[in-house]
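Here's the structure, in structure tokens; my notes come after.
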Amino acid sequence: MTDESRSRAQEITQRAIASFDDCASERLMTIMKSLTYHLHQFAKEVSLTTEEWMAGIDFLMATGKISSDKRNEFILLSDLLGLSSLQVAINERADEATESTVLGPFFVEGAKVFQNGADISNGAQGEATYVSITISDSAGEAISGVAVDVWGADADGFYDVQYKGDKLFNRGRFLSDDEGKVSFWSILPVAYPVPSDGPGGELLRATSRSNMRPAHIHFALAKEGFRQVVTHLFVDGDPYLGRDAVFGERDSLVCKFHRASGDETATEAKLQTSHYEIQHNFTMARI
Ligand code: BEZ
Ligand code: FE
């Protein structure tokens with residue numbers, strides 16, 4: 001950069017930031033000024049070339065084009081850049097609630113409601129796993145009537161919504177009972193790659209990054225008067241813990257999935273053969 005272009009760059013940045021001076025919303029003004037400042041700083045720091053700027057524009061175009069109501073590639077980009085996990089961390093409160101992590105792109109609003117004890121796997125490939133959770137407040141009191149959304153991938157690492165057609169498996173909603181309990185049959189989670197057939201995958205390959213997430217089940221807990229908990233339970237011992245492609249793992253969310261041998265005398269068929277079991281206590285904070 002010449003001295004002249006440096007001072008021109010400085011002037012452009014100042015004018016671009018000042019262009020938001022009349023914004024009626026103070027919050028929007030703060031966000032846009034800061035975003036503009038940091039975007040300009042970034043371009044100056046790396047001396048962004050015309051080809052690189054155009055490649056960035058093309059990349060965002062491709063991200064928009066592959067997105068649909070079933071796939072949000074922008075969320076995936078946010079996840080892969082660590083922005084989603086950072087945003088969760090920024091908004092965390094100092095309370096006793098179960099720690100949160102990324103929502104991810106495979107949550108579906110309005111999942112089918114099941115009774116406690118139901119099998120949500122619906123034929124998905126995977127090892128049978130019995131999940132039982134309890135939900136209590138910070139004082140240890142059970143919370144009944146919590147809407148608990150659960151979703152997970154199959155043994156091939158795919159969610160139902162990633163298949164063609166209207167597949168529905170390993171996904172459901174429960175209500176916690178009077179003792180704050182929810183239980184269901186699911187399948188053992190496996191480590192899986194994030195969707196890599198779009199710009200997100202292209203980014204990972206171009207930068208020699210792994211696309212793997214450690215094995216987990218997703219949970220979203222909601223009840224009026226309590227702060228929502230959006231989280232996962234991870235499988236202890238998973239080799240990808242500590243190198244999650246989306247930086248979502250947390251020590252407090254790592255659980256032991258115990259292998260249970262079958263009990264021939266059990267009345268429930270699934271209990272007669274070997275399966276996995278997991279138990280976890282969730283805590284919700286009052287608002
Ligand atoms: C998931 O856990 O479902 C997920 C999260 C972030 C990116 C891709 C998948
Ligand atoms: Fe997931």
Side-chain angles (χ1 to χ4, degrees), residues 59 62-63 66-91 98-109 111 120-122 124-127 129 131 133 148-163 167-173 184 186-205 207 209-221 228-236 238-250 252-255 257 276 278 280:
F59 183 78
T63 302
I66 206 169
S67 294
S68 67
D69 55 353
K70 277 198 162 182
R71 173 173 189 167
N72 191 331
E73 193 78 358
F74 284 104
I75 292 196
L76 181 60
L77 281 193
S78 163
D79 295 337
L80 295 176
L81 293 176
L83 182 61
S84 308
S85 289
L86 176 67
Q87 190 275 131
V88 169
I90 290 169
N91 287 285
T98 296
E99 291 186 321
S100 296
T101 187
V102 294
L103 177 68
F106 301 126
F107 170 70
V108 176
E109 204 71 67
I120 63 167
S121 58
N122 198 23
Q125 289 300 308
E127 300 210 53
T129 299
V131 180
I133 65 167
V148 179
D149 272 296
V150 184
W151 65 107
D154 65 9
D156 291 324
F158 293 112
Y159 287 78
D160 51 4
V161 291
Q162 291 181 278
Y163 286 94
K167 278 209 178 213
L168 183 78
F169 61 73
N170 211 18
R171 175 185 302 282
R173 171 174 274 210
F184 57 93
S186 176
I187 49 179
L188 185 69
V190 297
Y192 67 84
V194 300
S196 302
D197 56 341
E202 210 182 303
L203 172 72
L204 293 177
R205 283 186 294 279
T207 54
R209 276 182 53 181
S210 157
N211 58 0
M212 295 301 288
R213 294 216 64 206
H216 60 271
I217 305 179
H218 293 256
F219 291 86
L221 281 60
Q228 196 195 14
V229 172
V230 174
T231 197
H232 303 355
L233 293 181
F234 291 93
V235 180
D236 189 28
D238 187 286
Y240 292 100
L241 282 170
R243 45 199 185 105
D244 183 355
V246 303
F247 317 99
E249 71 280 80
R250 312 188 68 163
S252 70
L253 303 177
V254 176
C255 294
F257 284 61
Y276 284 86
I278 173 193
H280 193 75

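Whatever order the structure lists ligands and atoms in, that order sets their numbers, starting from 1.
- Annotation for ligand 1: atoms under 4.0 Å from non-hydrogen atoms of Leu76 are 7 (C), 8 (C).
- Taking only nitrogen or oxygen atoms, main chain and side chain alike, Asp79 does not reach within less than 3.5 Å of ligand 1.
- The ligand atoms of ligand 1 that sit less than 4.0 angstrom from a heavy atom of Pro105 are 4 (C), 5 (C), 6 (C), 7 (C), 8 (C), 9 (C).
- Using a 4.0 Å cutoff on heavy atoms, Tyr159 counts as a contact of ligand 1.
- With the Fe ion (ligand 2) at the apex, Tyr192 OH and His218 NE2 define an angle of roughly 170° (rounded to 10 degrees).
- Ring planes of His232 and Phe234: tilted class, angle from 30 to 60°.
- Within 6.0 Å of CD in Gln228 there are more than 12 heavy atoms belonging to other residues, nucleotides or ligands.
- Checked for salt-bridge contact, Arg71 and Asp197 meet the test: a charged N lies under 4.0 Å from a carboxylate O.
- The aromatic rings of Phe219 and Phe184 are tilted relative to each other, their planes meeting at an angle between 30° and 60°.
- Pairing each heavy atom of Asp154 with each of Tyr163, the nearest pair is OD2-OH, 2.6 Å.
- Of all the atoms in ligand 1, the ones that sit under 4.0 Å from a non-hydrogen atom of Phe106 are 3 (O), 9 (C).
- Here the side chains of Leu168 and Val108 are not in contact, with every heavy-atom distance at 4.5 Å or above.
- Short contacts between ligand 1 and His218, defined as distances under 4.0 Å to a heavy atom of the residue, involve ligand atoms 1 (C), 2 (O), 3 (O).
- Nearest protein heavy-atom contact of atom 3 (O) of ligand 1 is Tyr192 OH, 2.8 Å.
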